[in-house]
Amino acid sequence: MKQLMLGNEAVARGLYEAGCAFVSSYPGTPSTEITEAAARYPEICAEWAPNEKVAMEAAFGASLAGRRSFCGMKHVGLNVAADPLFTISYTGVNGGMVIAVADDAGMHSSQNEQDSRHYAKAAKLPMLEPSDSQEALEYTRLAYELSEAFDTPVLMKMCTRISHSQSVVEPGEREEAAPRPYEKNGEKYIMMPGNAKRRHPVVEERLAKMADWAEHASVNRIEAGTDYKMGIITSSTSYQYVKEACGDTYPVLKLGMVWPLPEKKIRTFAKSVSLLVVVEELDGFIEEYCRNLGLACAGKNFFPAIGELSQNLVARQLTHRETSGLKLDEVIPPRPPVMCAGCPHRGLFYTLAKNKLTVLGDIGCYTLGAVAPLGAMDSTVCMGASISGLHGFNKAGGNEGRTVAVIGDSTFMHSGVTGLINAAYNESSSTVIILDNSITGMTGHQQNPTTGFNLKGDPCAKIDLESLCRAVGIERVRVVDPYDLAECDGAVREELAAPGPSVIISRRPCALLKYVRHPGPIAADPDRCVGCKSCMRIGCPAISISGGKAVIDNTLCTGCGVCAQLCRFDALSGKKEA
């Protein structure tokens with residue numbers, strides 16, 4: 001029976017139908033739902049890994065054992081997993097192995113824009129790119145066939161619009177894939193230099209065979225048009241925009257495999273049109289390939305290499321007109337992202353801002369500590385960079401004694417531990433604050449090694465952060481409640497004044513977790529309120545000023561009491577700051 005599915009759900013359905021047995025991923029928008037949906041199939045062993053490198057290595061291990069495996073990640077996650085990626089291209093696989101990478105053009109929830117097609121080219125791996133949910137399912141199944149037929153991992157490139165949009169899918173039945181026997185083969189799987197030298201020619205030969213397959217593959221198809229003055233080469237969401245803007249007017253070469261590219265098919269298509277135009281998001285990847293073939297073509301001179309494309313942008317450039325639509329007459333005020341009401345990070349960031357500290361930040365919802373009115377962050381680079389950066393900053397004679405690193409519990413397990421080991425090993429006089437909200441917050445409340453539960457919600461081993469920090473050589477480890485401003489202030493001041501590395505664990509669960517019980521909204525006394533707006537300094541969305549007085553939104557307020565600690569006139573119920 002046909003049904004609507006998100007692109008990510010369709011990939012998960014493809015995993016199920018293809019007989020995938022093992023899934024290991026790290027959550028990252030826009031890829032997260034693939035693994036969450038896969039976990040709903042009891043036939044699939046699905047796990048969250050501490051980071052993408054571990055996930056890819058685990059998936060390779062399952063493939064080595066002869067089972068079909070999968071790992072998924074967002075584009076920056078592929079950077080983390082690049083080390084095993086390039087080497088398993090040399091080893092090849094046993095059971096089929098598929099790697100999904102979801103790009104985030106427009107940076108809806110990412111720190112950079114990145115075109116993952118370059119990884120396919122650099123690692124000499126095939127890459128499929130669906131343009132809707134039905135193709136997401138079909139290409140996932142196809143990826144396993146290609147993986148086992150050509151002895152290679154296969155990359156599946158998703159993007160925000162394909163991952164998070166719904167379209168009609170016709171699901172099929174699961175076809176169990178018989179486990180392939182494992183046979184010891186050091187020349188294939190032990191990548192010491194001597195073996196690797198012999199494997200490189202195999203990779204090049206495989207790539208040539210894949211390029212020949214791409215010439216005849218149904219995923220790369222030419223769609224006829226009525227006007228051959230222009231021909232369009234495109235893929236993914238760009239294909240959808242082209243069809244919406246142009247219909248069947250111009251012929252289209254729709255690419256479902258974006259590496260290796262079908263040279264002969266592209267040359268044949270180019271000969272049939274007067275003007276060749278490549279429509280693609282982000283980098284001119286296909287355009288560059290066409291130019292290297294000696295083909296005259298247009299592309300990035302029409303379409304930007306920054307951000308997402310859109311129907312109207314494509315229509316404007318190709319047809320010189322835009323589609324009409326409806327819009328509101330009212331001007332909608334901007335709504336910048338803020339920490340949720342009751343967020344446990346707010347009190348800690350207020351403390352850091354009050355003390356005018358330099359704060360090296362990390363990736364997570366706590367990055368919102370950088371925005372007004374707190375403004376309590378100086379840098380954010382990538383997962384785990386806060387601790388390593390703090391060490392280098394202090395060693396270089398930066399604002400020592402006035403600088404801290406902040407990192408979430410999940411991010412700490414992802415790639416912060418090694419930075420902390422470095423700080424201990426090299427005797428860094430640095431204070432690291434782990435914001436332990438008992439969940440992986442920004443990507444939608446996924447479990448991680450510190451929560452005590454696995455992907456399917458079953459109890460499992462729980463990493464004790466205090467013990468871990470002490471085990472790597474940190475002698476000064478303390479836990480504070482971020483709702484207690486006096487405690488936070490005292491801890492930060494004491495640890496910055498102490499010699500050597502130290503860790504403060506700011507521990508309180510995310511306010512949005514369903515099992516967290518809140519005391520309920522506090523009250524604002526208009527008779528006591530003098531309109532000083534001290535309570536507004538924490539940037540809580542539950543507090544506003546009306547008629548010169550503080551007002552509490554009872555639908556948002558959790559009763560954390562942080563605001564009450566800032567009020568000198570007892571206008572808000574709770575204890576005052578010490």
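As the structure is a computational prediction, the values presented were derived from the model and not from experiment.
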Arg117 bridged to Asp283 by N-O distance under 4.0 Å: no
Ile99 and Phe60, any side-chain heavy atoms less than 4.5 Å apart: no
All ring pair (Phe, Tyr, Trp, His ring centres under 6.0 Å) counterparts of His75, not counting sequence neighbours: none
Side-chain heavy-atom pair Tyr90, His200 within 4.5 angstrom cut-off: yes
With Glu308 via salt bridge (charged side-chain N to carboxylate O under 4.0 Å, His left out) - residues at least two apart: Arg161
Separation of Arg508 CZ from Cys343 SG (nearest 0.5 Å): 11.5 Å
Check: Gly347 main-chain N/O paired with Tyr483 side-chain donor or acceptor under 3.5 Å: no
Spacing of OG belonging to Ser116 relative to NZ belonging to Lys157, to within rounding of 0.5 Å: 6.5 Å
N/O donor-acceptor pair under 3.5 Å between Asp378 side chain and Val359 backbone: yes
Ala38 versus Val23, closest heavy-atom pair with distance: CB-CG2, 4.3 Å
Side-chain donor/acceptor of Tyr189 to backbone N/O of Val93, under 3.5 Å: yes
Under 3.5 Å: donor-acceptor pair, side chain of Lys74, backbone of Thr29: yes
Reported CG-to-CD1 distance for the pair Asp436 and Ile504, which is rounded to 0.5 angstrom: 14.0 Å
Backbone N/O of Ala511 and side chain of His518: donor-acceptor pair under 3.5 Å: yes
Any residue meeting salt bridge (charged side-chain N to carboxylate O under 4.0 Å, His left out) with Arg470, in chain and number order, not counting sequence neighbours: none
Straight-line distance of Arg346 CZ to Cys540 SG, nearest 0.5 Å: 4.5 Å
Heavy-atom donor-acceptor pair, Arg493 side chain to Gly490 backbone, under 3.5 Å: no
Expected output: side-chain Gln565 to main-chain Gly561 donor-acceptor under 3.5 Å: yes
Leu420 side chain near Ile474 side chain, heavy-atom distance below 4.5 Å: yes
Within-4.5 Å side-chain heavy-atom neighbours: Phe349 and Met339: yes
Summary of ring pair (Phe, Tyr, Trp, His ring centres under 6.0 Å) pairs that have at least one residue in residues 110-132, sequence neighbours excluded: His118-Phe285
Under-4.0 Å salt bridge between Arg478 and Glu494: yes
Other residues, nucleotides, ligands: >12 heavy atoms within 6.0 Å of Gln111 CD: yes
Closest contact, heavy atoms only, Glu52 versus Gly77: CB-O, 3.3 Å
Note, Met191 side chain near Phe86 side chain (heavy atom, < 4.5 Å): no
Heavy atoms of other groups near Lys533 NZ, more than 12 under 6.0 Å: no
Donor-acceptor side-chain pairing of Thr351 and Asp489 below 3.5 angstrom: no
Those residues that, when tested against Val479, pass side chain to side chain contact (heavy atoms under 4.5 Å, CB included) (two or more places apart): Glu466, Ile505, Arg507
Working for side-chain hydrogen bond (donor to acceptor under 3.5 Å, both in side chains), residues Tyr366 and Thr411: CA-CA 11 Å; Tyr366 47 88; Thr411 309; 3.2 Å; yes
Spatial distance of atom CG (Asp362) from atom OG (Ser415) [nearest 0.5 Å]: 6.5 Å
More than 12 heavy atoms of other groups within 6.0 Å of Gln166 CD: yes
Where Pro482 and Val480 come nearest, the two heavy atoms and their spacing: CD-O, 3.6 Å
Any donor-acceptor N/O pair, Glu280 side chain to Ile286 backbone, under 3.5 Å: yes
Under 3.5 Å side-chain donor-acceptor pair for Asn394 and Ser428: no
Nearest heavy atoms of Leu455 and Glu47, plus distance in Å: CD2-N, 3.7 Å
Working for salt bridge (Lys or Arg N to Asp or Glu O under 4.0 Å), residues Asp83 and Lys53: CA-CA 8 Å; Asp83 197 358; Lys53 180 178 183 291; 5.1 Å; no
Test side chain to side chain contact (heavy atoms under 4.5 Å, CB included) applied to Leu496 - qualifying residues, sequence neighbours left out: Leu357, Val404, Thr431, Val492
Any donor-acceptor N or O pair under 3.5 Å, side chains Thr450, Asn448: yes
Atom NZ of Lys462 with >12 non-hydrogen neighbours under 6.0 angstrom: no
Flag, side chain of Asp104 to backbone of Ser109, donor-acceptor distance under 3.5 Å: yes
Distance-only side-chain donor-acceptor flag, Thr443 / Gln446, under 3.5 Å: yes
Residue pair Cys159 / Ser236, side-chain heavy-atom distance below 4.5 Å: yes
Sidechain-backbone polar pair: Lys356 side chain, Arg402 backbone, donor-acceptor under 3.5 Å: no
Pro50 side chain near Tyr26 side chain, heavy-atom distance below 4.5 Å: no
pair Arg476-Val503: side-chain heavy atoms closer than 4.5 Å: no
Reported CG-to-CE distance for the pair Asn79 and Met73, which is rounded to 0.5 angstrom: 10.5 Å
